[in-house]
Amino acid sequence: MARAKSVLGRYALIIIFVALIIISACLSDVFFTSVNIFNVLRQSAMVGIVSMGMLLVILTGGIDLSVGSLFALSSVMVAKLQNVMPWPAATLLVLLMGLMLGMINGFLITRAKVAPFVITLSMMSVARGLAFSYSKGAAILVPFSSFELIGTGYVGPVPVPVCIMVLVFIIVAFMLERTTFGRIVIGIGGNEEAMRLAGVNTNRHKTAVYMISGFLSALAGVVITARMGVGSPITGEGMELDAIAAVVVGGANMAGGEGNVLNTVLGVLTLALIGNILNLLNVPAYPQYILKGLIIAVAVVSRRRSELN
Amino acid sequence: MDTILEMRNISKSFGGVKALSGVSFSLKQGEIHALVGENGAGKSTLIKILSGAYVKDHGEILMNGKPVNVRTPRDGQALGVRVIYQEFNLVGSLSVAENILLGHYPQDRGLILWDEMYEKARELLKRVGFNIDVRQKVSSLSVAEQQMVEICKALSQEASILIMDEPTAVLSEQELSTLFGTIRKLASGGVSVIYISHRLDEVFNIADRITVLKDGKTVGTVSASEVEKDELVRMMVGRELAEIYPNRSSGGKKEILRVENLTGAGFSGPISFTLNEGEILGFAGMVGSGRTETMRAIFGATPKTGGKVFVEGNEARIGSPQDAIDAGIGFLPEDRKRQGLVLCRPVNENITAASLSGISRAGVINTEKETAEVTKYVDKLKVKTPSIKHLVGNLSGGNQQKVGLAKWLMAHPKVLVCDEPTRGIDVGSKVEIYKLIADLAKSGIGIIVISSELPEIIGLCHRVLVMREGSVEGELKGKFSEEDVMMYATGVMAN
C-alpha cells in the first residue's frame with residue numbers, strides 16, 4: 001500500500017497530465033485537432049523557453065525574478081532597433097543584451113553575495129523601467145520583413161516557436177545530462193561548499209546560469225515580438241511566476257540540486273493544458289487564476305507527500 | 001529505586017542499514033545512567049526513538065511498567081522525556097527567560113505576563129543552582145551559561161527523564177563541575193538522567209550505571225563502581241588496539257610538501273613543516289587549536305595572509321581549491337555532510353566531482369568511461385552501495401566517507417589532507433579507512449591526518465605535530481604516548 005502510494009506520488013504529474021488530456025478530449029471536440037494542439041504548444045513556447053533558464057537557476061538554489069521584464073525589454077528593443085538596422089542584427093543585439101543583464105545578475109549575486117531573490121527583484125524593476133522608457137510606454141510596430149516568420153512561420157506542420165522551444169529543451173537536457181557544466185550546476189545546488197572544495201569555480205558557474213536565463217528570456221521576447229508584430233513594454237507581466245510554477249510543478253527542489261528538463265516540460269504543458277481546457281469551457285479569466293493556483297498546489301503537495309512517506 | 005523506563009528489543013533500520021538491533025535499556029527513578037559507545041554505536045538513534053524523533057521498527061517501550069507508544073516528539077514530551085542536544089536550540093536574540101519558557105509563555109488573553117515569566121525563570125535557574133539575569137539576551141551568554149538555559153528550558157515542563165547528549169564537549173573544567181553538581185541535584189530530586197558521552201573519565205565521575213552499545217547492539221549494563229576503565233574500553237571497542245591499526249611502512253625520504261611561515265584566518269602561526277612522500281603526518285591538538293584552519297589555508301579554501309607552499313620543491317601559488325588540486329593537493333573535509341558530499345546526488349556524480357575533466361571531452365561527459373572509473377574505485381574501496389546511481393545521502397556514514405575518499409583518489413593527488421577521517425563512522429569502517437590511508441601512503445602519497453582521537457593519531461601516523469592556540473607547539477615521532485601529545489596540546493610542555 002505504502003509502495004503503491006509512493007509510486008502514485010512519483011508519477012503524480014504524469015497522471016495529472018494524462019487525466020487533463022482525457023478530460024480535455026471529453027469536454028471538447030476540437031481539443032484533439034492539430035490546430036488546437038499546436039496552438040496550445042505555440043502559446044506555451046514563451047514560458048517553455050524561459051522555464052529552461054529558470055530551471056538552471058533553481059537547480060543552483062537561486063531564483064530569477066527578472067525574466068518577465070527582460071522579456072518585455074527584449075520585445076521593445078528588437079522592434080525599435082529594426083528601424084535602424086536589419087532584423088538579424090537587431091535580434092543578435094537583443095540576445096547579447098539578455099546575456100549581459102544576466103551577467104550583471106550573476107555578478108552581483110556571486111561577488112556582492114546578495115540573495116538572488118533581491119538582486120533579480122531589482123533587475124526586474126530596472127528592466128521593466130528600461131522597457132517603458134525605451135518605448136515611451138507605447139507598443140512599437142515591427143517593420144515588415146521576414147522577421148515575423150520567427151513567430152508565425154511553420155516547419156512542415158510545426159510552428160517555428162514550437163521548434164525553437166523544443167530545440168531549447170533538447171539543448172538544456174543535453175547540458176544537464178551529459179556535460180560537466182550540468183553536473184556542476186546540479187552539484188552546486190546540492191552542496192555548494194562541497195563543489196567548491198572539489199575545485200569548482202562555483203561563482204563562474206552560478207553567473208553562467210543567470211546569463212543563460214537572461215539569454216533565453218531575450219530569445220522568448222524576440223519570438224513573441226515576431227509573433228505579434230509589435231514590441232510591447234507591458235508583455236511578460238507575471239511571467240516569472242509562470243516559469244517558476246512550471247519548474248516547481250515539475251518537481252524541482254527550490255533549494256537546488258533536484259529537478260530535470262523532462263519534468264519541467266511536463267510542468268509547462270500541464271499549466272498550458274489547464275489554461276486551454278478552461279478556455280475551451282469558456283471559463284472567465286478571473287476564476288482561471290484560482291483554478292490554476294489550486295492545481296499547482298495539488299500537484300506539488302501530492303509529490304511532497306510521497307517523498308515524506 | 002523503581003524502574004521508570006524499560007526499552008526492550010528495540011530495532012531500527014535506515015534504508016538497508018541497521019542502526020539498532022535488539023537493544024534493551026532500563027532506567028531507574030533518580031538514577032544517572034550513562035550511555036557509552038563509539039560513534040555510530042547507536043546511542044543517538046536510541047535516544048531519538050525514546051524522544052519520538054524516530055519511530056522504532058520493532059521492540060517495546062514501557063514507562064512505569066506500562067507500554068507506551070512514542071511516535072512523535074510531542075508524544076515523548078507528553079511522557080516527560082526532555083532532550084538536550086549537543087547543538088543548542090536557543091534563540092539568541094531573545095532573553096534568558098523567554099528562551100526558558102519558549103512556547104509556554106505565561107499569558108492572559110494573548111498578552112504576555114512578563115513579571116510572572118521572569119519569576120518562573122528565576123525559580124528554574126535556582127533549582128539547577130545557577131544565577132544569571134533572566135532579562136539578558138542569550139547570545140551574550142557563555143556556552144556553559146547557555147547550557148544551563150537549555151537545562152532550565154527542559155525542566156520548565158514536567159520532566160521525568162532528562163537526556164543529555166554529549167553535554168560537556170565545549171565546557172571548561174570548572175563549568176563541568178557546576179554542570180555535574182546540577183545533574184546530581186536534579187537526580188536526587190527524582191529526575192532520571194540519561195547521560196551520553198564518550199569521555200570515560202566523566203562517565204565514571206557522574207554515572208550510577210553504564211550501558212555500553214556497540215554496532216547497534218547492547219554489550220551490557222554495569223554498575224560504575226564495579227567496573228574498571230580497561231574493561232569498559234574493551235566492551236566499547238570489542239577488539240584489541242593492535243588489530244585496529246594497520247602496519248606502517250616507513251615513510252619515504254623525498255620531500256613532497258613544504259609549508260613555510262604560513263599565516264591565515266583562525267590560526268596565528270606562522271606555521272612551517274615538511275611532509276615526505278609515503279609519510280603519514282598527524283596534526284593533533286584541542287578543538288579550536290587551528291588545525292583545520294591551517295589545512296584550509298594550505299588548500300586555498302580560505303585565503304592565507306602570508307607564507308609559501310611548495311609541492312615537490314616547486315612553489316605552488318594557491319588562491320583557490322582549484323589551484324591546490326592542480327598542484328596535486330587533495331582535501332577530505334571534516335564535515336562530510338556539509339563540506340564533503342552532495343548528499344542529494346548519486347555516488348558516481350560525487351566520486352567524479354573533482355576529476356570531471358578526466359572523464360569528459362570538450363565539456364561532454366563520456367558516461368562509459370565514467371561508469372568504468374567509478375566502478376573501479378567503488379570496488380577498490382569496497383563501498384557498499386546498491387549501485388553507483390544510488391544517492392549518497394542514503395549510505396551509511398562509513399560508506400559516505402569512502403565515497404569522499406574515492407573522489408580524491410580519482411583526482412590522483414600527491415598530498416592528501418584528511419580532516420577527522422573517521423568521525424561518526426562505525427568501528428568496522430574505521431579499520432577499513434585506516435587500512436586505505438596506510439595503503440595510499442605505501443603507494444607514495446604524502447598524507448596529513450587531523451584527528452581529535454589520540455589513539456588514532458598514535459596508531460596511524462609516523463610523526464605528529466601538536467598544535468595549540470594557532471601554532472605548532474611540538475613535534476613527536478618514534479614512540480610516544482597520549483600523555484606526550486596532551487602535554488603539548490594543553491601547553492604544559494613547550495619545546
Stepwise side-chain contact (heavy atoms from CB on, under 4.5 Å) test for B:Gln322 and A:Val200: CA-CA 6 Å; B:Gln322 212 170 357; A:Val200 167; over 6 Å; no
Within a radius of less than 6.0 Å around CZ of B:Phe310, do more than 12 heavy atoms belonging to other residues, nucleotides or ligands occur? yes
Just wondering, are more than 12 heavy atoms of other shown residues or ligands nearer than 6.0 Å to NE2 in B:His58? no
Hey, is CZ on A:Phe117 packed in by over 12 heavy atoms from elsewhere, all under 6.0 Å? no
Nearest 0.5 angstrom please: A:Ile186 CD1 to B:Cys344 SG, how far? 9.0 Å
Side-chain (A:Asn191) to main-chain (B:Arg338) donor-acceptor, under 3.5 angstrom: yes
Non-hydrogen atoms of chain B under 4.5 Å away: do they reach the side chain of A:Asn201, the backbone, both or neither? both
Are more than 12 heavy atoms, taken from residues, nucleotides or ligands other than A:Arg111, located less than 6.0 Å from that residue's CZ atom? yes
Do NZ/NE/NH1/NH2 and the carboxylate oxygens of A:Glu193 and B:Arg296 come within less than 4.0 Å? yes
Closest contact, heavy atoms only, B:Gly300 versus A:Arg196: O-NH1, 4.4 Å
Got a second to check how far A:Met195's CE is from B:Gln339's CD, nearest 0.5 Å? 15.0 Å
Can you find a heavy atom in the side chain of A:Ile184 that is under 4.5 Å from one in the side chain of B:Leu356? yes
Counting only heavy atoms closer than 4.5 Å, note whether B:Leu341 contacts chain A via side chain, backbone, both or neither. backbone
Given the options B:Ile325, B:Val342, B:Leu343, which has more heavy-atom pairs under 4.5 Å with chain A than any of the others? B:Val342
Are the side chain of A:Arg178 and the backbone N or O of B:Val364 linked by a donor-acceptor pair below 3.5 Å? no
Let me know if B:Thr352 has heavy atoms under 4.5 Å from chain A in its side chain, its backbone, both or neither. side chain
Pick from B:Arg336, B:Lys337, B:Arg345, B:Lys407 with the largest number of heavy-atom pairs that fall under 4.5 Å of chain A: B:Arg345
B:Glu349 bridged to A:Arg183 by N-O distance under 4.0 Å: yes
Please identify each residue that fulfils ring pair (Phe, Tyr, Trp, His ring centres under 6.0 Å) with B:His390, with sequence neighbours left out. none
